[in-house]
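Below is one structure, written out as structure tokens, with a few remarks after it.
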Amino acid sequence: MVEKEAASIIWPGKPLSRAFYNRAATTLAPRLLNKVLAAADGRAGRIVEVEAYVGAIDPAAHTYRGKTPRNAVMFGPPGHMYVYFTYGMHWCCNCVSGPQGDGCGVLIRALEPLHGIAQMRAARPRTAHDRDLCRGPARLTQAMGISGAQNGIDLVGAHDRFAIVDDGMAPPGDLVGSTRIGISRGKDSPWRWSVPGNRHVSGTASQRG
DNA sequence: TAGTTGATTGACT
DNA sequence: GTCAATCAACTAA
């Protein structure tokens, strides 16, 4: 019950403005660290790892070659959720960042579970340790109940199912971008950020920094 | 139309 | 460390 009360504080929480998202992904991405991804059913986790994908200048971005049915949401208004299906089985979740039409977004790679942890465990019954519930982009979508049905929903305005909110914790200081994980092109761009020392960050020990 | 890849994970050696 | 799962999107022809 304590958990449920805490979740009610997070949800709907203090919403982030559309202007917050309406900036280059590389500027927005580290500012998303320590914000909270919250679901209407009470599940919530602190964002501890992100990667920026920067539209037409980024060969690793889905939007690099222009607009397609799959990536159309990325070209839409900032603050919306772009959810895509990959490796035949996994969903990954991005927050669109502006300016509108540029195809920029931020991949949310890891959360530190805060609330609704029992529901996260139920969604990932084979996960032995809570540390791993949201450690990785496809794990967190499964734990939070995010799938293609949520592609395109508004994280700023309607707040009907999911939202990214500010609960007062500032992003970490001394942020340094590192290279992104799991891509074959655009490897050298330092567009990945994480909360230093946080155990819920994905990747190997050397990648976690 | 056929072949390859992928913003990953989990199981296994 | 290696590798299979599994399919939508993309690329080449």
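Small disclaimer: the values here were computed from a predicted structure and weren't measured. Reckoned from all heavy atoms, side chains included, excluding hydrogens, waters and symmetry mates. Letters A, B, ... mirror the listed sequences (proteins, then strands); counts begin at 1.
Of the candidates C:dT11, B:dG6, B:dA7, the closest approach to any side-chain atom of A:Y87 belongs to B:dG6. Considering only side-chain atoms of A:F85, the nucleotide from B:dT8, B:dA7, C:dA8 that sits closest is C:dA8. Among B:dG10, B:dA7, B:dT8, the nucleotide with an atom closest to any side-chain atom of A:Y82 is B:dA7. Comparing C:dT11, C:dA9, B:dT8 against the side chain of A:R70 picks out C:dA9 as the nearest. Of the candidate nucleotides C:dC7, B:dG6, C:dT6, C:dT6 has the atom nearest to the side chain of A:M89. You'll find that the side chain of A:A138 is closest to B:dT8, out of B:dT8, B:dG10, B:dA7. Closest to the side chain of A:R124, out of C:dT6, B:dA7, B:dG10, is B:dG10. Of the candidate nucleotides C:dC10, B:dG10, B:dA7, B:dA7 has the atom lying nearest to any side-chain atom of A:L107.
Side-chain atoms of A:Y84 stay outside donor-acceptor range of the base of C:dA8, with no qualifying N/O pair under 3.5 Å.
Rounded to an integer number of Å, the gap from CG of A:D188 to C1' of B:dA7 is 16 Å. Summarising the geometry, the separation between CD1 on A:I146 and P on B:dT8 is reported as 16 Å, rounded to the nearest angstrom. For the pair A:I183 CD1 and B:dT5 C1', the interatomic distance rounds to 14 Å; values are reported in whole Å. As a whole-Å value, the separation of A:H62 NE2 from C:dT11 P is 12 Å. C:dA8 atom C1' lies 10 Å from atom CH2 of A:W91, rounded to whole Å. A straight line from CE of A:M74 to P of B:dA7 spans 11 Å, rounded to a whole angstrom. For the pair A:H90 NE2 and C:dA8 C1', the computed distance is 14 Å after rounding to whole Å. We find that CD of A:E49 is positioned 10 Å from P of B:dT8, with the value rounded to whole Å.
Note on A:R192: every side-chain N or O is 4.0 Å or more away from OP1 and OP2 of B:dA7. A sub-4.0 Å separation between OP1 or OP2 of C:dA9 and a side-chain N or O of A:T86 is absent. In this structure, A:R139 reaches the B:dG10 phosphate: one of its side-chain N or O atoms is under 4.0 Å from OP1 or OP2. Between A:R126 and B:dT9 there is no side-chain polar atom (N or O) within less than 4.0 angstrom of OP1 or OP2.
Pair assignment for B:dA7: none, as no Watson-Crick or G-U wobble contacts are both less than 3.5 Å.
Under the side chain to side chain contact (heavy atoms under 4.5 Å, CB included) rule, A:I164 has a single partner from A:V36, A:I47, A:V106, which is A:I47.
Between the side chains of A:E49 and A:S202, at least one donor-acceptor pair of N or O atoms lies under 3.5 Å.
A distance of 13.0 Å separates CZ of A:R23 from SG of A:C104, quoted to the nearest 0.5 Å.
Other residues, nucleotides and ligands contribute at most 12 non-hydrogen atoms within 6.0 Å of the CZ atom of A:R199.
A distance of about 16 Å separates the P atoms of B:dT5 and C:dC3, rounded to the whole Å.
Between the A:D166 side chain and the A:L16 main chain, no donor and acceptor come within less than 3.5 Å of each other.
Proximity of A:N94 to A:Y84: side-chain heavy atoms (C-beta onward) are separated by under 4.5 Å at one or more points.
B:dA7 has its base stacked against the ring of A:Y53, the centroids being under 5.5 angstrom apart at an interplanar angle below 30°.
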